[in-house]
Amino acid sequence: QVQLVESGGGLVQTGGSLRLSCVASGRTFRSYVMGWFRQAPGKEREFVAAISWSGGSTYYADSVKGRFTISRDNAKNTVYLQMNSLKPEDTAVYYCAASPIRMVSTTRGAYDSWGQGTQVTVSS
């Protein structure tokens, strides 16, 4: 497992942008598939985006496709989530997660390391 620390959350107006960062500890970061999930009050934690260990493959939930971009910098042990055109329904706690499984997965069970979460609030 790796330790993950997210940052970059905050309050933004509808249509605004935020960039989330997640820094991982350990020298094996480049071997992990990385993902972002989110959880709104009273709802299940849901998949947002994922990226392969090389960064060559990315996957998105339909609700964020075209607005969010996931990327990673293996030299900095960091994964990012650029969020544009934010909507009130994007309001949630956003979690970074790491999966040791080589194949990129959109399911929570594939990820064994989780950050503490960062709050994103989009005002209407």
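Positions are given from 1, in the same order as the sequence printed here.
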Spell out, as yes or no, whether a donor-acceptor pair under 3.5 Å connects the side chain of [X] to the backbone of [Y].
X: T14; Y: S123; answer: yes
X: T78; Y: K76; answer: yes
X: S25; Y: Q3; answer: yes
X: E6; Y: T118; answer: no
X: S52; Y: S57; answer: yes

Review point. Taking the six-membered ring where the residue is Trp, are the ring centres of F37 and Y95 under 6.0 Å apart?
Key: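 Distance test on ring centres: not under 6.0 Å, no.
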
Review point. Hey, what else clusters with I51 if you join Ile, Leu, Val, Met, Phe, Trp, Tyr whenever side-chain heavy atoms sit under 4.5 Å?
Key: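 Taking Ile, Leu, Val, Met, Phe, Trp and Tyr as members, I51 shares its hydrophobic cluster with V2, L4, V12, L18, L20, F29, Y32, M34, W36, V48, Y60, V64, F68, I70, V79, L81, M83, L86, Y94, V120, V122.
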
Search all heavy atoms of [X] against all heavy atoms of [Y] and return the closest pair with its distance.
X: T58; Y: G55; answer: CG2-O, 4.5 Å
X: A50; Y: Y111; answer: CB-OH, 3.6 Å
X: S85; Y: S17; answer: N-OG, 4.4 Å
X: P88; Y: S124; answer: CG-CB, 3.9 Å
X: Q119; Y: A92; answer: NE2-O, 3.4 Å
X: R108; Y: R45; answer: CD-O, 3.6 Å

Practice item. Assess R72 against W53: is NZ or CZ under 6.0 Å from the centre of the six-membered ring, and within 45 degrees of the ring's axis? Key: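 Geometry flag: not set, cation outside 6.0 Å or 45°.
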
Review point. Is it true that the NZ or CZ of R19 lies under 6.0 Å from the centre of Y80's six-membered ring and within 45 degrees of the ring axis?
Key: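 Cation-pi check for R19 and Y80: passes.
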
Exercise for review: Would you give the length of the straight line joining atom OG1 of T69 to atom CG of N84, rounded to the nearest 0.5 angstrom?
Suggested key: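 Here the rounded value is 6.5 Å.
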
Practice item. Please round to the nearest 0.5 Å and tell me the distance separating atom CH2 of W114 and atom SG of C96. Key: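 If I round to the nearest 0.5 Å, the distance is 9.0 Å.
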
**Study point:** Within 6.0 Å of NZ in K65, more than 12 heavy atoms from elsewhere
**Key:**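 Atom NZ in K65 is crowded, with more than 12 foreign heavy atoms closer than 6.0 Å.
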
Review point. Charged N to carboxylate O below 4.0 Å: is that the case for D90 and K87?
Key: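 Answer for the salt bridge query: no.
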
Exercise for review: Could you name each residue pair satisfying disulfide (SG to SG under 2.5 Å) that touches residues 30-59, not counting sequence neighbours?
Suggested key: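 Applying disulfide (SG to SG under 2.5 Å) to every pair that reaches into residues 30-59, excluding sequence neighbours, yields nothing.
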
